Amino acid sequence: TRLAEGEAGASAVFSAELTETFDAADMDAAQRASRAPALWRYRRPFSLDHFLMALNASPRAAEDFPLLHGFFSREPQLRALRHLPGALSWTALLLAKYNRRLDADRARQLTVGELLATEVAAPERRRYEAAFQSFAAAWNDAWPFVQRFGCLTIPPEYRAVTMTHDVPVSFCLVTERDEGLCCMALLQFLAETHNGLVQDVDEHMLLRSQARGAERSALISSRHMSAAHTVRYDLRGELGPYLQHHCVRAGAAAGAASYDFGKAQAYLLDRVLAGVPAMDLELRKFTYAHEDAGLGGGLAALRQKVPQVPLPQEVEEVVRRELGSPAAAQAVLDVLETAIALLAATGGSFVRTLNSGVSDMPLGTYLSSVLLMDGAEVGGRVASQVLLKHLEGLWNTLLECTTTDPFAKVSSKYREPLDADAREALAAAAARLELPELLPVLRAFIVQTLGGADVIDPRSAAADSLTWLESGDSYLGDMEWFADAWPAALQMRHLVAAYEMLRDVQ
């Protein structure tokens with residue numbers, strides 16, 4: 001038995017020497033110095049793929065080296081994170097330039113290349129181009145991994161899109177429907193991936209009782225995010241060479257290599273992940289031109305919480321004078337949208353109507369005392385003269401200031417010119433109609449109801465539809481001035497022309 005064991009041991013030693021699987025450290029020091037076995041031993045050339053294969057094959061890699069294992073297990077998804085600030089910048093540029101100025105049809109026709117070539121001034125073109133390149137890189141790296149947005153599955157035709165200059169601008173606008181859903185889903189995916197990695201780092205440091213609170217901000221808004229706040233690395237040019245030169249141990253087997261995963265994880269944490277803050281994704285949604293639904297039904301809820309009255313004509317003239325340009329009107333619209341949304345949500349479903357004193361509060365006072373905003377953002381005279389009960393009228397006036405034709409989306413079936421009889425009847429009725437009260441209601445009905453499919457017979461009497469429109473707490477049909485004065489013979493096909501005539505009369 002001993003002889004057999006001795007022969008087996010000798011055979012094992014011979015096989016180990018033949019295949020270079022012996023451990024050189026076990027050799028006699030003098031023999032090792034003279035033979036230098038490690039010097040002539042064959043070593044497999046370093047390969048990142050082999051490193052990852054060895055990491056995945058290690059039975060305790062996920063427990064012993066969680067950051068290293070987690071990083072490389074989802075590394076293809078992390079490549080896009082370096083482009084996140086530029087991608088956010090691109091959507092912000094488009095929002096500032098086109099919000100409520102670009103309609104959906106035009107956005108689907110206008111390509112990114114055409115936008116950069118024809119609609120961006122030369123001094124700004126480089127900034128726009130750089131932001132788009134970051135957005136395109138983030139899209140092309142991350143989009144294959146985006147499967148859903150919330151409960152919605154991304155349609156196959158959208159998932160097949162590669163972001164280039166030939167893609168319509170509508171794919172770059174943050175909305176919650178149609179192709180705009182892709183942009184929102186992409187940015188949300190990047191934010192969740194970024195925050196998931198930061199959370200893994202925090203857990204790793206917490207388990208080792210190393211506080212990071214003094215080293216970095218706990219949270220940063222996406223509006224302030226820069227390259228310094230992102231996960232950035234060069235896999236082939238930086239990480240790979242470090243792993244090759246510092247994390248490879250002399251293999252115990254010929255052609256094999258063992259790796260120092262602990263050193264690799266420490267380097268990854270120190271050079272790539274340390275100091276990266278979590279991100280609070282704050283996205284303003286894009287609203288297409290002629291899309292009053294951008295408030296999400298906020299005007300209807302506003303009317304319940306704060307009964308609305310028409311904007312006095314002298315105040316409307318002040319608004320138009322003070323906000324002389326579409327850009328200025330757009331800036332006020334953005335502020336107004338926030339104010340209306342908050343007012344509509346105040347009290348939730350338990351409060352139907354706010355205190356009557358709220359209606360007479362100046363807009364500037366509400367902005368400064370409740371929203372903690374500078375009332376001057378809407379203009380000094382607008383802030384002092386527009387009351388909360390005038391917000392719907394202000395909204396409609398601002399929309400007219402920012403769009404050339406608020407009825408551009410209305411079907412041509414409702415835009416026929418008035419014939420002689422209809423014009424004469426309407427002219428006679430104008431003096432008896434309460435135009436400051438009627439026109440805002442009429443305009444909202446045309447834009448919101450007639451802007452889609454042909455839902456009403458163009459040759460039906462307009463009064464049959466207008467009677468049921470709400471003005472304040474009553475229907476138009478219940479108001480004596482409307483029931484007695486509105487021309488009964490006026491048809492829906494003339495409604496836009498009738499509105500424009502009455503507006504000119506006012």
Side-chain angles (χ1 to χ4, degrees), residues 77-78 80-102 127-128 130-132 134-139 142-143 146 148-152 169-177 179-199 202 216-232 275-288 291 293-298 330-346 366-368 370-374 377-378:
Q77 301 179 25
L78 305 180
L81 296 183
R82 70 177 62 206
H83 305 296
L84 187 50
L88 292 168
S89 176
W90 173 245
T91 60
L93 287 172
L94 294 182
L95 183 74
K97 185 175 182 63
Y98 289 118
N99 194 36
R100 295 197 185 90
R101 300 182 184 91
L102 182 69
R127 182 162 67 105
Y128 274 73
F132 172 71
S134 292
F135 179 82
W139 178 293
W143 190 238
V146 182
R148 308 177 65 85
F149 175 67
C151 298
L152 300 176
V169 173
S170 56
F171 279 91
C172 305
L173 303 175
V174 179
T175 67
E176 289 185 331
R177 61 186 180 86
E179 60 268 45
L181 185 71
C182 299
C183 184
M184 179 170 285
L186 173 70
L187 295 177
Q188 181 172 298
F189 173 82
L190 292 175
E192 291 175 351
T193 302
H194 173 95
N195 288 339
L197 188 59
V198 172
Q199 183 177 359
D202 285 342
R216 67 171 180 85
S217 300
L219 190 68
I220 186 171
S221 167
S222 59
R223 295 181 290 111
H224 304 136
M225 195 174 193
S226 68
H229 304 123
T230 59
V231 176
R232 307 174 71 84
V276 176
M279 182 186 71
D280 181 17
L281 183 62
E282 298 182 75
L283 286 179
R284 280 192 55 212
K285 297 171 188 172
F286 185 88
T287 303
Y288 287 110
E291 189 180 55
L295 280 176
Q330 179 63 51
V332 177
L333 264 177
D334 293 338
V335 175
L336 190 60
E337 183 173 351
T338 302
I340 291 176
L342 184 60
L343 271 172
T346 301
Y366 180 76
L367 293 177
S368 59
V370 179
L371 298 187
L372 303 181
M373 301 172 65
D374 186 359
E377 291 185 28
V378 298

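Everything numeric in this text was worked out from a predicted model, so none of it was measured.
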Spacing of [atom1] belonging to [X] relative to [atom2] belonging to [Y], to within rounding of 0.5 Å:
X	Y	atom1	atom2	result
Trp139	Phe171	CH2	CZ	6.0 Å
Tyr128	Phe135	OH	CZ	14.5 Å
Glu337	Leu342	CD	CG	12.5 Å
Ile220	Met225	CD1	CE	7.0 Å
Tyr366	Met373	OH	CE	10.5 Å
Arg284	Arg223	CZ	CZ	10.5 Å

Considering all heavy atoms, the nearest Ala87-Ser134 contact: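 Where Ala87 meets Ser134 most closely, the heavy atoms are N-CB, 4.0 Å.
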Do [X] and [Y] come close enough that some side-chain heavy atom pair is under 4.5 Å?
X	Y	answer
Val169	Leu94	yes
His83	Thr230	no
Thr91	Leu173	no
Val276	His229	no
Tyr98	Tyr288	no

side-chain contact (heavy atoms from CB on, under 4.5 Å) involving Ala131 - partner list, sequence neighbours excluded: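 Counting only residues at least two positions away or on another chain, Ala131 forms a side-chain contact (heavy atoms from CB on, under 4.5 Å) with Ser89, Trp90, Leu93.
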Under 3.5 Å donor-acceptor, Asn195 side chain and Ala278 backbone: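 Flag not set: sc Asn195 to bb Ala278 has no pair under 3.5 Å.
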Under 3.5 Å: donor-acceptor pair, side chain of Thr175, backbone of Arg177: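 Yes: the side chain of Thr175 pairs with the backbone of Arg177.
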Sequence-distant partners of Gln77, side chain to side chain donor-acceptor pair (under 3.5 Å), two or more places apart: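 Scan of Gln77 (side chain to side chain donor-acceptor pair (under 3.5 Å), adjacent residues dropped) gives none.
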Chi angles and distances behind the side-chain contact (heavy atoms from CB on, under 4.5 Å) call for His194, Val198: CA-CA 6 Å; His194 173 95; Val198 172; 3.9 Å; yes
Heavy atoms of other groups near Lys97 NZ, more than 12 under 6.0 Å: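 Counting neighbours around NZ of Lys97, more than 12 heavy atoms of other residues, nucleotides or ligands fall under 6.0 Å, so yes.
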Donor-acceptor contacts, no H, no angles, side chain residues 180-188, under 3.5 Å, sequence neighbours left out:
{"from": "Gln188", "atom 1": "NE2", "to": "Glu192", "atom 2": "OE2", "distance (Å)": "3.4"}

Sole residue of Leu190, Asp280, Leu88 in side-chain contact (heavy atoms from CB on, under 4.5 Å) with Ser222: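 That would be Leu88.
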